[in-house]
Amino acid sequence: MHETYEPALVEAAAQRYWDDTGTFRAVEDESRPKYYCLSMFPYPSGRLHMGHVRNYTIGDVISRYMRMQGRNVLQPMGWDAFGLPAENAAIANNLPPAQWTYENIATMKRQLKALGFGLDWDREVTTCKPDYYRWNQWLFLRMLESGVAYQKTGTVNWDPVDKTVLANEQVIDGHGWRTGALIEKREIPMYYLAITRYAQELLDDVQQLEGWPERVRTMQANWIGRSEGVTIAFPYQLQGAQGALKVFTTRADTVMGVTFVVVAAEHPLATHAAVSNAALAAFIDECKRGSVMEADLATMEKKGLPTGLAVTHPLTGAAVPVWVGNYVLMNYGEGAVMGVPAHDERDFAFAKKYDLPIQQVIDIAGQAYCMDGWQAWYADKGICTASGPYNGLDHQAACAQIATDLEAKGCGALQVQWRLRDWGISRQRYWGCPIPLIHCPACGVVPVPEKDLPVVLPDDLVPDGSGNPLQRYAPFVDCLCPKCGVAARRETDTMDTFVDSSWYFLRYASAGQDRAMVDGRVNYWLPADQYIGGIEHAILHLLYSRFWTKVMRDMGLVDLGEPFSNLLTQGMVRNAIYFRKPASGRVVYYNPTEVEVQTDDKGAPISARLKADGAPVESGGIGTMSKSKNNGVDPQSFIDRYGADTARLFMMFAAPPELSLDWSDEGAEGAFRFLKRLWKAVHTHVSAGAVMALDRATLTVADKDLRRLAHQTLAKVGDDYGRRRTFNTAIAAVMELLNAVSRHEATAPAARAVVHEALELAVTMLSPVVPHVTHTLWQALGHERAIVDEPWPAVDAEALQQEALTLVVQVNGKLRGQITVAVDADETCVRELALADPTVQRFVGALTVRKVIVVKGKLVNVVVA
RNA sequence: GCCGGUGUGGCGGAAUUGGUAGACGCAUCUGACUCAAAAUCAGACGCCAAAAGCGUGGGGGUUCGAGUCCCUCCACCGGCACCA
């Protein structure tokens, strides 16, 4: 063994051993309990970032720990390789997205290997390869047959200069990111997946997923958004024809307070009214240009214009004016809402702004309604008032009665409404999975026959930002109709990349299968025992994957209904932000490595300046590592300097996995120091020669204390890895153990044996986190078998035994002293010892002892007055 | 705006079921070693001059006892359906 820790040597040796022995190749084995540890696969953006390092280290620690627990572990990896950044890079570099993507994959794969993750690379999945995406296409066609996939129009951002559809992130303040042109909303035909068919099941099942964080389950349930209410029809006459304007409400009990209705700009009534009303037509145009994003919709100024039309209140027969509003969306519900200004905050503001009548119809005992301003209780459920036959009814009774009455008139029905909308998967983009359809002038839309799959995406085109290059590429577009044989046009829209990521975890389990999407191996490995990824995927990706799995189940392709048993959502990796804001021009961000921080004599930062010119820079606090803030740390240069183990150790030690993690050069340095200390401790110990077998009879009190600590630590670390998933506290516990080992006088043979055991346990406990250095240290401690193949050690119950306990004594809840008692001391004895303590005596003084609370094994609280 | 989360020393965090607040690490300070520096090792380290007192974002409450439970307010972060 070397005297000094040299990570480069140690890491190369361990990785060579794992490669040569095929350690991480997973083989199905019905006789052993499996463990499928899944991490969200990366988008191949160029190089790994610290977020990846964190994500995959968590997965690797869990995988290696479960392997030591005797589980047959599968830990695969792949590439979410389609998507917009490749097109942006193509525009910038004039290179095909495929080339950029495959180069990035090669780089990142090398980095993943350098980090020592125990991945089974034989199962690698790359979503931009035809052998993967052909099954997207295959399943899409099956979904079309079953009606899960269907066509309808959808709204997109249209850049009139580039004549292209933009993603939301490419629209900045309503203008195109490249052209600056004012973006228009356009309605185009698109394909949708009927996720709403599964709404109830997705909602019911998410409540059962006990291995998921409560917050993610709540977010999903809110997103699905089941609400029970009533659809109400407001009849109207228009050009002699009878019609009905439909709205949905969960507050049917307030229907007697309706004083107006608001329809979306695209609503047929709005279109009709605009024909003879230029101002209204202009307003509708303005609305159509507005954002479709929920966040914008919620915060923008609510505006409206009357149509001049009126509908009839179905219960009172009163005429209700119809308005057009910029905050009502055609795609949500019925594209119209009823206005009850007295009991809805948004309607109240709208009515105040446009001077519409406000009619209170709900009474809350002890509250007085006042029209001057909105108060929170106006929206509460109460007793109906000024509501004719419904007066005196509470919310539930009024809703039921009103629904019955509306139903009798043919003007309403009870309904369950979902916030969840069907999933639009069409993208007007090149770098994605082609939608396997052909447009025939005679037959219409014709699916590509199964034998012709996959529809291969040409991978040498270079997008230039103006439209989808597939549309101009004849070899792709020109085809023959599979039905009638005439010249036809291939669909050029591609699929949302969320499709690719909705089932890759099934494909890992069916690696190499070229005759089917999945095979029986899926039912061995799935569901994933642990899924790990960023909290930013808490809703969409996870919901789509759950939906996709259920669709495949209903087609008989898999047996499971939920793909992920346990979910761990890891926090962001953050770093300090420094910038300068010149009087003119834009803000310049400086990487923290370029900045020097001045501190006061307690170490608190007071100012910062740029190393290059010595002039001050401003601090922007701490933020998520990003290109735009220039505060990223490149894992590669860090690994080159300190090694993979230090990177892994710091990532696991600096914060619990669910919280955000702040990068710290000094902290990472500290992790490196700890590994050097560990190395030195083992080196010093083995250099001192052979060790006797542990003889429990010859141990001193100090030896017994160290043994107890070692086994207590073992129990804690196992619990932290397995149940709690708090790697930071596990590492801290091993650090404490190592501190105790280095303080231990180890010259006597028995003491050396205890130290040997403690070091073996420390090395074993750390091996999931720092597998390279522990691989070498385990050999140095005299073991033939590699540590990666060792089982997790058992706690020695005898080592945990102790004779005396220290209890704390409080007076009125404040810590005043400590007493040492025998483990089996009874309450009376503990109580007397506590009262006899001199400090306790001093604080009790002349006061009367009211009671004494004894918490077994913990503390005594003397209550005085 | 809506939904979800977070808030504890100079910093990251610990306190697992309501029971010793600040484990472990970083920074800082002191000392040892050194011609010197680095590295390493030892010690100190919530605030306050203080045995007392105060202290877990602010305010209020429940309790013998609250970082932990309840109410309320504030700040920051994630998601909001075409970024992935």
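Hydrogens, waters and symmetry mates are skipped; everything else that's a heavy atom, side chains included, is used. Predicted, not measured: the structure shown is a model, and the values here were computed from it. Here is the naming used below: chain letters follow the sequence lines, and residue numbers restart at 1 for every chain.
We find that R427(A) and D493(A) are not joined by a salt bridge, their nearest charged nitrogen and carboxylate oxygen being 4.0 Å or further apart. Ion pairing of R419(A) with E294(A) is present here, as a side-chain N (NZ or NE/NH1/NH2) and a carboxylate O approach within less than 4.0 Å. Ionic pairing of E301(A) and K353(A) is present here: one or more N-O contacts between side-chain nitrogen and carboxylate oxygen are shorter than 4.0 angstrom.
Separating the P atom of rC3(B) from that of rG9(B) is a span of 29 Å, rounded to the nearest Å. rU17(B) and rU68(B): their P atoms are spaced 14 Å apart (whole Å). Spacing between rG55(B) and rG61(B) at atom P, rounded to whole Å, works out to 14 Å. rC29(B) sits 16 Å from rG46(B) when the C1' atoms are compared, rounded to a whole Å. Distance noted for atom C1' between rG58(B) and rU63(B): 22 Å (whole Å). Separation of the P atoms belonging to rU56(B) and rG67(B) is 7 Å when rounded to the nearest angstrom. Comparing rA66(B) with rG18(B), their P atoms are spaced 14 Å from each other, to the whole Å. Rounded to a whole angstrom, the distance from the P atom of rA36(B) to that of rA23(B) is 34 Å.
Ring pair F350(A)/Y327(A): centre-to-centre distance below 6.0 Å. The aromatic ring centroids of W79(A) and F41(A) lie 6.0 Å or more from each other. For Y133(A) and F82(A), the ring centers are positioned less than 6.0 Å apart. In this structure, W679(A) has its ring center no closer than 6.0 Å to that of F674(A). Between W503(A) and Y132(A), the distance separating the two ring centers is shorter than 6.0 angstrom.
Every stem involving RNA chain B, taken as at least 3 paired positions in a row under the Watson-Crick or G-U wobble test at 3.5 Å, is listed here: B:1-7 with B:74-80, B:10-12 with B:24-26, B:28-32 with B:40-44, B:57-61 with B:69-73.
A straight line from CZ of F653(A) to P of rA23(B) spans 11 Å, rounded to a whole angstrom. Atom CE in M735(A) sits about 6 Å away from atom C1' in rG25(B), given to the nearest Å. Whole-Å rounding puts the N88(A) CG to rA84(B) P distance at 9 Å. Q818(A) places its CD atom 7 Å from the C1' atom of rU20(B), with the value rounded to the nearest Å. If you measure from atom CZ of R724(A) to atom P of rU17(B), you get 8 Å, rounded to the nearest angstrom. Rounded to an integer number of Å, the gap from NZ of K856(A) to C1' of rU20(B) is 19 Å. The interatomic distance linking L659(A) (CG) with rU8(B) (C1') rounds to 12 Å, in whole Å. Atom-to-atom, CG of L807(A) to P of rG19(B) comes out at 15 Å; the value is rounded to the nearest Å.
Between the CG atom of N157(A) and the CD atom of E169(A) there is a distance of 11.5 Å, given to the nearest 0.5 Å.
Using a 4.0 Å heavy-atom cutoff across all strands shown, T299(A) reaches at least one base atom of the nucleic acid. Residue F674(A) is classed as having no contact, given no heavy-atom separation below 4.0 Å to the nucleic acid. Residue contacts shown for R346(A) are absent, as no nucleic acid heavy atom lies under 4.0 Å away. Counting non-hydrogen atoms under 4.0 angstrom, R725(A) reaches nothing in the nucleic acid. Nucleic acid contact for P656(A): sugar-phosphate only, since backbone atoms but no base atoms lie under 4.0 Å from a heavy atom of the residue. Within 4.0 Å (heavy atoms only), S660(A) reaches sugar-phosphate atoms of the nucleic acid but no base atom. Note on M495(A): nothing from the nucleic acid sits closer than 4.0 angstrom, heavy atoms only. Within 4.0 Å of Q810(A), counting heavy atoms only, lies at least one base atom of the nucleic acid. Using a 4.0 Å heavy-atom criterion, one finds that D719(A) contacts the bases of the nucleic acid, with or without backbone contacts as well. Contacts of R215(A) with the nucleic acid, taken as non-hydrogen atoms under 4.0 Å apart, involve only primed sugar atoms and P, OP1 or OP2. The residue Q428(A) sits close to a base: some heavy atom pair falls under 4.0 Å. Using a 4.0 Å heavy-atom criterion, one finds that V156(A) contacts the bases of the nucleic acid, with or without backbone contacts as well.
Using modelled atom types and a 3.5 Å distance limit, the side chains of T164(A) and D159(A) yield no donor-acceptor pair. Donor-acceptor pairing under 3.5 Å is lacking for the side chains of R546(A) and S502(A). Side-chain contact, S501(A) with D80(A): no donor N or O sits under 3.5 Å from an acceptor N or O. Looking only at atom types and distance, the side chain of T155(A) has a donor-acceptor partner in the side chain of E187(A) under 3.5 Å away. Between Q598(A) and S607(A), the side chains place a donor N or O and an acceptor N or O closer than 3.5 Å (distance only, hydrogens not considered).
Side-chain proximity of D720(A) to the nucleotides rG25(B), rU16(B), rC3(B) is greatest for rU16(B). When distances are taken from the side chain of F843(A) to each of rA84(B), rA52(B), rU6(B), the shortest belongs to rA52(B). Distances from the side chain of S664(A) to the nucleotides rC26(B), rA52(B), rA51(B) place rC26(B) closest. The nucleotide whose nearest atom lies closest to any side-chain atom of V808(A) is, among rU20(B), rC41(B), rU40(B), rU20(B). Of the candidates rC83(B), rC24(B), rU16(B), rU16(B) carries the atom nearest the K716(A) side chain, counting heavy atoms from C-beta on.
Only K858(A), L859(A), N861(A), V863(A), listed by number, bring a heavy atom of residues 858-865 of chain A to less than 4.0 angstrom from any atom of RNA chain B.
By the 30° and 60° cut-offs, the orientation of the rings of H52(A) relative to Y56(A) is parallel. Note: Y198(A) and F547(A) have perpendicular aromatic rings, judged against thresholds of 30 and 60 degrees for the angle between ring planes.
Where G813(A) and E666(A) each meet RNA chain B at their nearest nucleotide, the meeting point lying more 5' is that of E666(A). Comparing I731(A) and V855(A) by the nucleotide of RNA chain B whose heavy atom lies nearest to each, the residue mapping closer to the 5' end is V855(A).
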Reading nucleotides 74-81 of chain B 5' to 3', which nucleotides get B (base under 4.0 Å from a protein heavy atom), which S (sugar-phosphate only), which -?
----SSBB

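Using a 4.0 Å cut-off, no side-chain N or O of N728(A) falls inside it from OP1 or OP2 of rG25(B). Close to rC41(B), at under 4.0 Å from its OP1 or OP2, lies no side-chain N or O of R673(A). Taking side-chain N and O atoms only, T497(A) has a distance below 4.0 Å to OP1 or OP2 of rA84(B).
In terms of polar N and O atoms assigned as donor or acceptor, the side chain of R723(A) comes within less than 3.5 Å of the base of rU16(B) in a complementary pairing.
In rG31(B) the O4'-C1'-N dihedral to the base is more than 90° from 0, which defines an anti nucleotide.
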